[in-house]
Amino acid sequence: VKITNIESDYNLSNYRTISTSAPTYDLWVGGVQVNPANASDVLGDGTVSFDGYENSDAGYYVLTLNNANINSGAVFYDGAYIDAGIYCYLYDDLCLRLVGDNVINVTGDQAEYAMGLFAYYSLYVEGDGTLTINVVGSENNDAAYGINADWDYESLYLRSGAVTVNVSGDSPETFGVRASSVYDTNSGDVAVTATGPEEVYGLHAPYVYLYSVAECAVTATYTTETGYHEAYALYNCNGLYDSPVSGTVTFAGQTQAVMGSFYYFGINTLQMSAYTDLAGTAENKVESPSWSNRADYKTIVLSPGTKTV
C-alpha cells in the first residue's frame, strides 16, 4: 500500500515501531511488544505469557492466554499501520494456548488494517479454554480480519477450545477467517460471523478439513443494498474434507453459502441435510441435492450421517 501525506493521515504517536537497541520478538499483544523481560507476563496482569519455542509434534512458539482481556494495539510493521489484538511476525508457527475465558477486542481507527489475530506463519489454537474475537472495522481500513493466518501458504489449526469470531463495521473488505487451509479438529464449538457494507467473507480458505468437529457455524451478511456488495460464508473453496464428525456444520451467506470450485469429496460422515434461504424459512429443503446449482443456496447444513451427495 502506498501511503502519502503520512503526517496528516495517521496519528503517528499511536503507533509503535520495532526497536533495534534492545532484544525483542516480532510479536505484539495489545500493542505491547514481547521481549525477554516481559515474556512471562506480557501485559503485567498475569494473563498473557510468551513461553518460547516448544519442540513438540509440530514445533512452534507458544503464547498462553489465561483469562486474558486484550484490546486494540497500534503497530507499525513492514510498512503498514495496523490495529491488532495479537500480531505475530515470528518466522515460525505460533500456538495460541487457551486457559479460561479469553477475549480480544479490536476497533479499527485510522490504520490500514484491523486484525483480531494475525500470524505470519501457521497458527494453532488449542486448550481447554475459550477465545472470543470481536473486531469492528472502520471505513478508513482497507480490510478487517478476525483471524488472519498469512494467506499465501499458511494454515489455521483449530485443535481444541471453543472459538467465536465476530467481525463487523464499515471496512470495505471484511473477513471472519482467512488462511490457505483451515483444519478444524476442534472438540469445542466454532462460530464465525462476518458483517460489512461491501465484500464480506466468513471463511476465506481454499481447503477446509473437518475432523471430530462439535458445532461449526459460519455466517456472512452485508449491511447495504446500494453499490457493490457480496457476502459468502465459504469463499474460494476448492475442497471440503471430513473424518468422523459429531456435530452440525452450517454455512450461511447472504449472496451464497459457498463460492468457488467446491468439490464435496473425502466426506464419509457428513450428509447435506438441508439447503434454504438465509433466514432458514424457505420450503426448498431437500435430502440429497446436487451441488451443481449451489449458486442458489443461501444456507447449507451438513449433519452427521451417511454421505448422500
Has the side chain of [X] got a donor or acceptor atom that lies under 3.5 Å from a matching backbone atom of [Y]?
X: Ser138; Y: Asp109; result: yes
X: Asn67; Y: Asp101; result: yes
X: Asn35; Y: Ala39; result: no
X: Lys298; Y: Gln254; result: yes
X: Asp41; Y: Gly46; result: yes
X: Ser72; Y: Thr107; result: yes
X: Asn66; Y: Thr47; result: no
X: Ser122; Y: Leu156; result: no
X: Glu126; Y: Arg97; result: no
X: Asn134; Y: Asn166; result: no

Would you say Thr195 and Thr221 are linked by a side-chain donor-acceptor pair, where the criterion is simply a distance under 3.5 Å?
yes
Side chains of Glu230 and Tyr201: any donor to acceptor distance under 3.5 Å?
yes
Run the side chain to side chain contact (heavy atoms under 4.5 Å, CB included) check on Leu234 and Val218 step by step: do they pass?
CA-CA 8 Å; Leu234 181 57; Val218 181; over 6 Å; no
Go through the steps for Val32 and Val48 under the test side chain to side chain contact (heavy atoms under 4.5 Å, CB included), then give the verdict.
CA-CA 11 Å; Val32 177; Val48 179; over 6 Å; no
Close side-chain approach of [X] and [Y], heavy atoms under 4.5 Å:
X: Leu43; Y: Ile70; answer: yes
X: Asn105; Y: Asn69; answer: yes
X: Tyr235; Y: Gln256; answer: no
X: Leu203; Y: Val192; answer: no
X: Tyr60; Y: Leu94; answer: no
X: Tyr232; Y: Phe251; answer: no
X: Leu96; Y: Leu65; answer: yes
X: Tyr25; Y: Leu90; answer: yes

CG (Asp51) with more than 12 external heavy atoms under 6.0 Å
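Atom CG in Asp51 is crowded, with more than 12 foreign heavy atoms closer than 6.0 Å.
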Let's go through Thr250 and Thr299 carefully: what are the C-alpha distance in whole Å and the side-chain angles of both, what is the deciding distance for side chain to side chain contact (heavy atoms under 4.5 Å, CB included) to 0.1 Å, and is it a yes or a no?
CA-CA 7 Å; Thr250 303; Thr299 298; 4.0 Å; yes
Tell me whether the rings of Tyr222 and His229 are parallel (<30°), tilted (30 to 60°) or perpendicular (>60°).
tilted
Residue that, paired with Tyr89, satisfies ring pair (Phe, Tyr, Trp, His ring centres under 6.0 Å) out of Tyr61, Tyr121, Tyr120
Tyr120
